[in-house]
Enquirer: 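My questions all concern the structure below.
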Amino acid sequence: MFRYITLNIKDTHSHKGVIENIYLFLPIKLYPRNELRDLMRSLIADVKDKIGEEVEVSGWAQNIRIVGSLAFIDLRDVSGNVQCILFKKNNPDIFNELKVLSRESILTIKGKAVKSQAKLGYEIQIDSLNILNRAKTPLPIGIIDPVETDLETRLENRFIDLRKPQILSIFKIQSTIANSIRDYFYENGFIEIHTPKIVAAATEGGTELFPVKYFEREAYLSQSPQLYKEIMMSAGFDKVFEIAPAFRAEEHNTTKHLNEFTSIDIEMSFSDDEKVMSVLEDIIKVASNSVNERNKKELEILNVNDLNVNYKFKRITYSDYIKMANEKGIEIKDGEDLTTPIFKAVGGGMKEFYFITRWPRSLKPFYVQPHDDIYSKGFDLQFGEIEITSGAQRVHDPEVLISNLKNKGLNVDSFSFYVKAFQYGMPPHAGWAIGLERLTMVLLNLVNIREATLFPRDRTRITP
RNA sequence: GCCCCGAUAGUGUAGUGGCCUAUCAUACGAGCCUGUCGAGCUCGUGACACGGGUUCAAAUCCCGUUCGGGGCGCCA
């Protein structure tokens with residue numbers, strides 16, 4: 001058996017309770033605390049490679065089962081779960097502790113990893129157990145209970161909900177998506193930028209903005225980096241991207257809208273709609289293939305097959321989409337906006353990505369480059385019935401820009417900081433924006449965008 | 001902004017005017033159990049969102065309030 005002593009570390013910044021719970025194997029050697037932890041603690045997923053060895057693991061007691069004079073603990077950390085076993089005769093004191101220990105308490109367990117009849121084929125035989133923190137009972141929501149919990153209740157208790165391996169898997173995958181897209185941009189010569197989220201005026205008119213008190217003036221939370229990323233083209237940055245929050249004050253109440261979401265934006269100089277559509281197709285394939293490679297375990301936990309997007313994304317013109325709607329018996333004329341029922345009727349059965357191109361100028365914002373008198377170089381990326389992205393080649397001629405602003409009924413003066421950037425050398429450019437949460441939702445086939453958001457901000461929720 | 005719907009133990013539910021001092025599961029508490037893994041068995045604690053009204057009688061019907069869900073519009 002091992003003997004333990006309590007370390008006495010004189011660290012005025014540390015919380016007393018933490019210090020008291022740090023134990024050290026004899027012989028005594030005073031390591032700095034961080035080093036101590038790194039030297040001894042194993043991630044639970046790594047235990048499988050340490051059969052026959054002494055291991056130390058820390059985590060949450062997901063389940064505790066007392067079977068006669070045996071005690072089993074399912075211990076969970078970020079990497080996975082492992083069963084730990086204790087025989088009462090080997091340590092009656094720990095056994096009695098376990099009989100009254102609450103689920104989700106925080107433990108450090110030291111013991112020997114051994115092959116066994118446990119489901120994983122191995123388990124940890126407990127030599128010592130340190131209770132770092134006890135969880136209150138009962139839990140606000142169950143983690144392994146065989147009862148469904150309403151999304152509302154889960155979001156109210158998100159810190160516990162996020163402990164579930166399925167929920168954690170969504171965000172591990174989202175991390176891969178963001179990381180692989182960022183890598184792609186870096187590898188392809190994009191400059192990462194950060195534009196202001198407090199702005200003076202609406203980007204495009206139309207959308208409702210959140211007002212912010214800005215000293216003696218009123219400002220707004222940014223709905224999009226659109227104007228700023230275009231200005232960066234005039235600034236000569238050539239290709240830029242930004243991954244940042246965007247805010248929309250629309251009172252929508254649906255499963256695919258948030259009032260704060262993460263927008264992945266790009267803008268490219270000397271480019272056009274076709275080129276940025278290719279980039280978009282690339283990054284979705286890169287993201288999906290990265291998830292397939294790096295998140296096999298998470299996909300399995302979520303019961304999702306490998307993401308298969310290795311097909312050419314179709315380009316459907318807006319006019320053809322109208323014809324397809326007409327063939328489905330829907331009455332809509334060329335020039336009218338596409339509505340949810342139309343997306344459902346035409347795109348509902350297409351469980352794949354496709355572009356809708358050449359939108360009428362009248363349905364797109366002022367900064368979208370005309371293709372001819374009627375149509376524009378604006379496009380959307382759709383997945384089935386859901387809009388994932390909108391993008392376009394942009395106007396670069398300041399005269400066209402000003403006339404578009406006027407035609408849309410916008411006040412040219414309030415856009416002067418933006419228009420000015422077009423008057424002293426603005427290259428042709430194009431770009432798009434894609435919502436990280438919507439992309440995650442679509443790739444993982446989630447029914448509610450809130451599932452793809454750690455702490456969603458919707459019509460009624462600003463806490464937690 | 002428009003329209004529809006909902007609220008019963010910690011969680012998820014049954015309930016359709018009297019059979020409800022309210023069902024079941026799970027959680028929680030106590031006990032038994034030496035290979036459990038959704039452990040099992042026994043016992044126990046625990047709830048009708050709030051305020052008015054109708055009625056001999058309300059979890060149940062009506063009105064209001066609060067909180068929430070969904071659809072549409074808008075968009076990513």
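The chains referred to below are lettered A, B, ... by the order of the sequence lines, with proteins before strands, and numbering in each begins at 1. In this text, all values refer to a predicted model and were calculated from it rather than measured experimentally.
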Enquirer: Looking at G68(B), does its base get a donor-acceptor pair with the side chain of E156(A) below 3.5 Å?
Expert: no
Enquirer: Just to be sure I understand the rule, does I85(A) reach a base, reach only the sugar-phosphate, or reach nothing, if contact means heavy atoms closer than 4.0 Å?
Expert: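 Contact class for I85(A): base.
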Enquirer: In whole angstrom, give me the gap between the P atoms of U23(B) and U16(B).
Expert: 14 Å
Enquirer: Is any side-chain nitrogen or oxygen of T340(A) closer than 4.0 Å to OP1 or OP2 of C74(B)?
Expert: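 No, because none of the side-chain N or O atoms of T340(A) sits under 4.0 Å from OP1 or OP2 of C74(B).
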Enquirer: By nearest atom, which of the nucleotides G71(B), A25(B), G73(B) is closest to the V147(A) side chain?
Expert: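 Of all the options, the side chain of V147(A) is nearest to A25(B).
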Enquirer: Within the structure shown, what part of the strands sits under 4.0 Å from S69(A) by heavy-atom distance: base, sugar-phosphate, or nothing?
Expert: base
Enquirer: What's Q117(A) touching, base or sugar-phosphate or nothing? Going by heavy atoms closer than 4.0 Å.
Expert: base
Enquirer: Rounded to the nearest angstrom, tell me the gap between atom CD1 in I449(A) and atom P in C75(B).
Expert: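 So the two atoms are 16 Å apart, to the nearest Å.
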Enquirer: May I ask you to say what L70(A) touches in the nucleic acid, namely base, sugar-phosphate or nothing, with a heavy-atom cut-off under 4.0 Å?
Expert: base
Enquirer: CG of L151(A) versus P of G70(B): gap in Å, rounded?
Expert: 7 Å
Enquirer: Rounded to the Å, how far apart are E250(A) CD and C72(B) C1'?
Expert: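 To the nearest whole Å, that distance equals 13 Å.
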Enquirer: Please give, in whole Å, the distance from C74(B) P to R438(A) CZ?
Expert: 13 Å
Enquirer: Are Y354(A) and F383(A) an aromatic pair by the rule of ring centers under 6.0 Å?
Expert: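 So the answer is no for these two rings.
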Enquirer: Would you please test T262(A) and E437(A) for side-chain hydrogen bond (donor to acceptor under 3.5 Å, both in side chains) and show each step?
Expert: CA-CA 7 Å; T262(A) 305; E437(A) 295 86 355; 2.9 Å; yes
Enquirer: Determine whether any donor atom in the side chain of Q83(A) lies under 3.5 Å from an acceptor atom in the base of U36(B), or the reverse, and answer yes or no.
Expert: yes
Enquirer: Roughly how many Å apart are C41(B) and G46(B), using the P atom of each and rounding to a whole number?
Expert: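 Result for the P pair: 23 Å, nearest Å.
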Enquirer: Which of the following nucleotides, C33(B), U11(B), C28(B), is nearest to the side chain of I141(A)?
Expert: U11(B)
Enquirer: For C75(B) and T254(A) - does any side-chain N or O of the residue sit under 4.0 Å from the phosphate oxygens OP1/OP2?
Expert: no
Enquirer: Determine the contact category for L258(A): base if any of its heavy atoms lies under 4.0 Å from a base atom, sugar-phosphate if only primed atoms, P, OP1 or OP2 are that close, otherwise nothing.
Expert: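 Counting heavy atoms under 4.0 Å across all strands, the contact made by L258(A) includes a base.
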Enquirer: Regarding S102(A), tell me which of base, sugar-phosphate or nothing describes its non-hydrogen contacts under 4.0 Å with the strands shown.
Expert: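 Answer is nothing: S102(A) stays at 4.0 Å or more from every strand.
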Enquirer: State which residue, out of K377(A), M233(A), E267(A), Q369(A), fulfils the side-chain contact (heavy atoms from CB on, under 4.5 Å) condition with R394(A).
Expert: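 Only one of K377(A), M233(A), E267(A), Q369(A) forms a side-chain contact (heavy atoms from CB on, under 4.5 Å) with R394(A), namely E267(A).
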Enquirer: Quick one: which of A39(B), G70(B), U26(B) gets closest to the side chain of P146(A)?
Expert: U26(B)
Enquirer: Which one is paired to C72(B), where only Watson-Crick or G-U wobble pairs with both distances under 3.5 angstrom count?
Expert: G1(B)
Enquirer: Would you indicate whether the side-chain heavy atoms of I167(A) and R158(A) approach each other to under 4.5 Å?
Expert: yes
Enquirer: Under a 3.5 Å cut-off for both distances, is C61(B) Watson-Crick or wobble paired, and to whom?
Expert: G53(B)
Enquirer: Taking the same atom, C1', in C67(B) and in C50(B), what whole-Å distance lies between them?
Expert: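 Going atom to atom, C1' in each nucleotide, I get 10 Å.
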Enquirer: When you compare U60(B) with A47(B), how far apart are their C1' atoms, in angstrom units rounded to a whole number?
Expert: 16 Å
Enquirer: Expressed in angstrom and rounded to an integer, what is the separation of L209(A) atom CG from C75(B) atom P?
Expert: 13 Å
Enquirer: State whether the number of non-hydrogen atoms from other residues, nucleotides or ligands found under 6.0 Å of R315(A) atom CZ is greater than 12.
Expert: yes
Enquirer: Does R103(A) put a side-chain nitrogen or oxygen below 4.0 Å from OP1 or OP2 of A27(B)?
Expert: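 So the side chain of R103(A) is within the cut-off, an N or O lying under 4.0 Å from OP1 or OP2 of A27(B).
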Enquirer: Could you measure between the two C1' atoms, the one in A14(B) and the one in A25(B), and give it in whole Å?
Expert: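 A14(B) and A25(B) have their C1' atoms separated by 11 Å.
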Enquirer: Say you pick atom C1' in A59(B) and the same atom in A9(B); how far apart are they, in whole Å?
Expert: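 About 14 Å, rounded to a whole number of Å.
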Enquirer: Have a look at A118(A) and say if it touches a base, only the backbone sugar-phosphate, or nothing, with a 4.0 Å heavy-atom cut-off.
Expert: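 Base, at least one base atom sits under 4.0 Å.
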Enquirer: Would you say that R457(A) contacts I462(A) through its side chain, given a criterion of any heavy-atom pair below 4.5 Å between the two side chains?
Expert: yes
Enquirer: Please report the interatomic distance CG(L132(A)) to CG(L107(A)), rounded to the nearest 0.5 Å.
Expert: 7.0 Å
Enquirer: Within the 4.0 Å heavy-atom criterion, would you say E148(A) contacts the bases, only the backbone, or no part of the nucleic acid?
Expert: sugar-phosphate
Enquirer: Using OP1 and OP2 only, check whether a side-chain N or O of R65(A) sits under 4.0 Å from A39(B).
Expert: yes
Enquirer: Need one value for Q382(A): base, sugar-phosphate or nothing, where a base atom within 4.0 Å counts as base even if backbone is also close, heavy atoms only.
Expert: nothing
Enquirer: Indicate, with a heavy-atom threshold strictly under 4.0 Å, whether N448(A) touches base, sugar-phosphate, or nothing.
Expert: sugar-phosphate
Enquirer: Name the residue closer to the 5' end of RNA chain B, choosing between R154(A) and N259(A) according to the nucleotide with the nearest heavy atom.
Expert: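 Mapping each residue to its closest nucleotide by heavy atoms, the 5'-most match is R154(A).
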Enquirer: Which residue lies toward the 5' end of RNA chain B, P138(A) or F87(A), if each is placed at its nearest nucleotide?
Expert: P138(A)
Enquirer: With a non-hydrogen cut-off below 4.0 angstrom, is P140(A) in contact with a base, only sugar-phosphate, or nothing?
Expert: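 Sugar-phosphate only.
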Enquirer: In Watson-Crick or G-U wobble terms, both distances under 3.5 Å, what is the partner of A14(B)?
Expert: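 Its partner: none found.
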Enquirer: With both distances kept under 3.5 Å, what pairs with G6(B), Watson-Crick or G-U wobble?
Expert: C67(B)
Enquirer: Using the P atom as the point on both nucleotides, what is the distance between U21(B) and U11(B), in whole Å?
Expert: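 Here U11(B) and U21(B) have their P atoms 24 Å from each other.
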Enquirer: Under 3.5 Å, is there a donor on one side chain and an acceptor on the other for D334(A) and Y375(A)?
Expert: yes
Enquirer: Would you mind reading off the distance between K115(A) atom NZ and G35(B) atom C1', rounded to a whole angstrom?
Expert: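 Taking NZ of K115(A) and C1' of G35(B), I get 18 Å after rounding.
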Enquirer: Could you state the NZ-P distance from K256(A) to G70(B), rounded to the nearest angstrom?
Expert: 11 Å
Enquirer: Centres of the F210(A) and F247(A) rings: under 6.0 Å?
Expert: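 Between F210(A) and F247(A), the centre distance exceeds or equals 6.0 Å.
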Enquirer: Look through every strand shown and name the nucleotide pairing with C32(B) as Watson-Crick or G-U wobble, where both distances are under 3.5 Å.
Expert: G40(B)
Enquirer: Which part of the nucleic acid, if any, lies within contact of K344(A), taking any heavy atom under 4.0 Å across all strands shown: a base, the sugar-phosphate backbone alone, or nothing?
Expert: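 The residue K344(A) makes sugar-phosphate contact but no base contact.
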Enquirer: Quick one: is T153(A) getting a side-chain N or O under 4.0 Å of the G12(B) phosphate, OP1 or OP2?
Expert: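 Answer is yes, contact under 4.0 Å.
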Enquirer: Would you mind reading off the distance between E152(A) atom CD and U11(B) atom P, rounded to a whole angstrom?
Expert: 11 Å
Enquirer: Pick base, sugar-phosphate or nothing for I386(A), based on heavy-atom distances below 4.0 Å to the nucleic acid.
Expert: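 If one applies the 4.0 Å heavy-atom cut-off, I386(A) turns out to touch nothing in the nucleic acid.
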Enquirer: Taking atom NZ of K285(A) as the centre, report whether more than 12 heavy atoms of other residues, nucleotides or ligands fall under 6.0 Å from it.
Expert: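 Yes, the 6.0 Å shell around NZ holds more than 12 heavy atoms from other groups.
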Enquirer: Using the P atom as the reference point in each nucleotide, state the distance between U26(B) and U42(B) in Å, no decimals.
Expert: 11 Å
Enquirer: If you go through the side-chain atoms of H257(A), does one of them form a donor-acceptor pair with the base of C74(B) closer than 3.5 Å?
Expert: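 Between C74(B) and H257(A), which were checked side chain against base, a qualifying N/O pair under 3.5 Å is present.
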Enquirer: Ignoring backbone atoms, establish whether N157(A) has a side-chain N or O less than 4.0 Å from OP1 or OP2 of G10(B).
Expert: no
